[in-house]
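Worksheet: the structure to be examined is printed underneath.
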Amino acid sequence: MSKIVACYKWVLDESDIRINSDLSVDFSKAKGKISDYDRNAIEAAVKLAEAVGAKPVGLTFGSSKARQSLKDALSRGLEEAFWVKAEEAENADGAVTARALAAGIKAMGDVALVICAEGASDTYARQTASRIGALLDLPVVTSVLRVTVEGNTVTAVRKLDDCLETVKFELPGVISVLPEAFQPTIPGLKAVMAAGKKPVTEYDCGSLGVNLVSARKVMEVKAYAQERRNIIIEGDNAAAKVAAVVSNLKKEGVL
Amino acid sequence: MSESEKFDAIIVGAGPAGAACAYTLAREGKEVLVIERGDTPGSKNVTGGRIYTYALEMLDQGLSEEAALERKVTREQVMLLGGQRAITIDFHDPSFNRDGHPPMSYTVLRAPFDEWLAGKAEEMGAMVACGIRVDGLIEKDGKITGVIAGEDEMYADVVVAADGVNSLLAQKAGLIGEIDFNTVGVGVKEVIELPASTIEERFRLTNPEEGVACMILGCTEGIHGGGFLYTNKESISLGCVFMPGEVARHKKSIQEIFQDLKMHPAVYPLIAGGETVEYSGHLVGEAGYRGIPKQIYREGFVMIGDAAGFVINTGYSVRGMDLAILSGIAAARAIVNASSPAEIGPLYMQELERIQLLPTMRATDGYFDVLQTGWLYDRMPALATAVMADLYSVDAQPPAKLSRGIREQMKAHGISVWDVIKLGFKGVKI
């Protein structure tokens with residue numbers, strides 16, 4: 001049975017990320033989670049596989065921390081999980097990520113369709129689907145709002161700035177789905193229990209021959225915070241208060 | 001697990017009670033499923049708190065050494081607040097923390113602790129399913145035979161309710177009614193982050209291993225209840241518990257009274273400059289032995305931990321997590337030793353005696369009466385601090401005679417000698 005692959009990323013939960021007073025960023029208390037948008041990609045894979053009788057599988061590129069993701073991913077309806085493992089994943093750029101995922105897709109074999117989210121919830125770089133397509137020489141359709149598969153033909157509706165575009169391509173191929181395209185379901189008890197028993201395949205980047213050298217170097221991570229002037233204008237006269245607002249704004253150079 | 005998906009036990013709730021029960025059962029080779037509503041164990045918890053290590057050691061030797069704990073409690077404090085005044089009693093006994101023995105108790109943050117303990121149960125072979133709410137019980141021929149979660153049904157010889165205070169499962173099993181507001185307190189808590197070195201300076205601790213547990217009286221505007229403060233590694237857990245019925249009639253809200261506590265001149269310097277990273281509220285059992293439901297089991301169903309009312313409040317300390325772990329062990333022993341599901345409940349009651357849980361609850365029953373004394377929560381701390389103020393006030397005038405001063409202060413605070421005698425009688429029954 002051919003596979004429909006949902007690619008997902010194990011990211012830090014942004015709600016646990018703290019910003020220190022010196023604008024440095026504290027990731028130490030942040031737990032991991034499957035990128036919110038990737039849950040849509042997983043749902044898309046499960047739904048499409050059900051419709052065409054394919055096997056929905058998950059694929060992630062991650063460090064040893066990504067082990068925690070496997071059970072979660074499998075509880076969402078995927079039948080098997082593949083994990084391309086490398087500690088370098090934590091600082092990987094889009095090119096490295098795509099190379100690793102493409103190598104995983106090649107290694108598992110018999111892949112009909114690769115589904116990515118439009119972007120990850122941490123970087124939202126929107127590169128993975130296109131880069132995988134380029135590496136594997138497959139057709140790529142991004143910004144997918146709706147998708148159907150009939151026989152070997154995929155019909156996808158793309159949401160663009162001012163219109164909807166319908167495109168068709170022949171399998172195999174790669175699509176990236178928009179967050180609103182598929183609503184992820186919350187796994188039930190039996191799904192969670194079954195997840196622990198589903199097969200997991202670990203790939204070593206070395207044996208897959210993945211080039212893990214990032215072209216991008218992260219120089220610094222710093223929080224962005226708006227500076228507040230904390231000016232309170234008091235008084236009973238509305239006209240005077242408005243005048244004070246205007247004069248303050250002028251002083252700041254915004255008027 | 002067999003084809004019919006039937007477990008030896010399904011435990012609902014992955015707190016200390018549920019995890020201890022699962023750990024013990026899995027170690028004995030039983031098929032156990034733990035269902036937790038939070039996305040991770042402990043994520044829904046609000047406890048203060050502190051844990052006594054003897055219970056962890058009873059669960060498995062050496063467990064307290066690797067547990068996810070904060071600071072060993074080296075100083076026991078009671079703070080009496082009267083207006084702006086404060087008395088702090090600070091007790092230290094090195095024998096509580098001897099070399100070569102597990103320290104008697106630790107402060108604890110429950111999110112990491114519960115996750116760790118549930119992880120230990122998983123290592124032993126229990127299955128832990130998180131993010132799942134149990135909606136109901138399955139009943140057949142008068143026996144509980146399983147649980148319903150969403151569209152899924154799961155069967156077991158016994159369902160263990162470890163779902164905490166106000167156990168919805170026990171209600172569904174018909175063993176308890178709607179919660180009685182006289183038997184619970186409503187608690188609020190903040191976790192306030194501070195650097196470890198700041199905590200050590202402010203609480204006069206010599207190293208990052210040591211910590212303080214402090215109970216605070218006189219911070220509830222006369223409402224039955226009190227405050228608590230625990231030093232964690234890099235934060236302080238500060239909270240307050242109130243009897244909900246009295247709060248409802250009170251003009252100030254819980255948040256306002258709690259805010260006043262934070263701003264009290266004896267408390268504020270301890271938390272100044274800290275950052276509140278967590279604010280939460282929860283119910284806590286307050287009735288001690290009398291809060292245990294008449295019946296805590298029926299065929300195919302047992303209640304453990306807070307769900308069974310296993311909490312002790314003596315006014316100077318609060319115990320719950322150790323009792324939760326003991327009850328989890330007791331239930332597991334009963335399940336292992338029972339030759340039929342019908343035997344589990346009666347065996348569980350025997351194990352609760354043998355593990356000294358029920359004897360402990362009985363022995364501390366008298367504290368409930370003492371703590372019912374209304375004037376303990378405002379007039380007593382006010383009187384004590386006023387007497388201290390008299391003692392330490394020095395000016396050009398000759399001081400009043402001490403005994404007369406105390407009598408006058410008692411009169412001024414509306415506490416009679418008779419009140420004290422009555423309290424004494426309640427006290428000697430403890």
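Scope of the values below: all heavy atoms of this structure, side chains included, with no hydrogens, waters or symmetry mates. All values reported here derive from a predicted model rather than from experimental measurement. Lettering follows sequence order; numbering is per chain, from 1.
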Please list, one pair per line, the donor and acceptor atoms closer than 3.5 Å that link side chains of residues 300-307 of chain B to other protein atoms, with sequence neighbours excluded.
none

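Side-chain contact of A:Asn91 with A:Ser214: a donor-acceptor pair under 3.5 Å is absent, judged by distance alone.
Relative ring orientation between A:Tyr203 and A:Phe82 is described as parallel, the plane-to-plane angle staying below 30° on a 0-90° scale split at 30° and 60°.
Interface residue B:Val128: only backbone heavy atoms are found under 4.5 Å from chain A. Using a 4.5 Å cut-off between heavy atoms, B:Glu153 touches chain A through its backbone atoms (N, CA, C, O) alone. Looking at B:Glu193, only its side chain comes within 4.5 Å of chain A, counting heavy atoms on both sides.
A:Trp83 places a side-chain N or O within donor-acceptor distance of the main-chain N or O of A:Gly62, the cut-off being under 3.5 Å.
Of the listed residues (B:Ile35, B:Asp152, B:Ile132), the greatest number of heavy-atom pairs within a distance under 4.5 Å of chain A belongs to B:Asp152.
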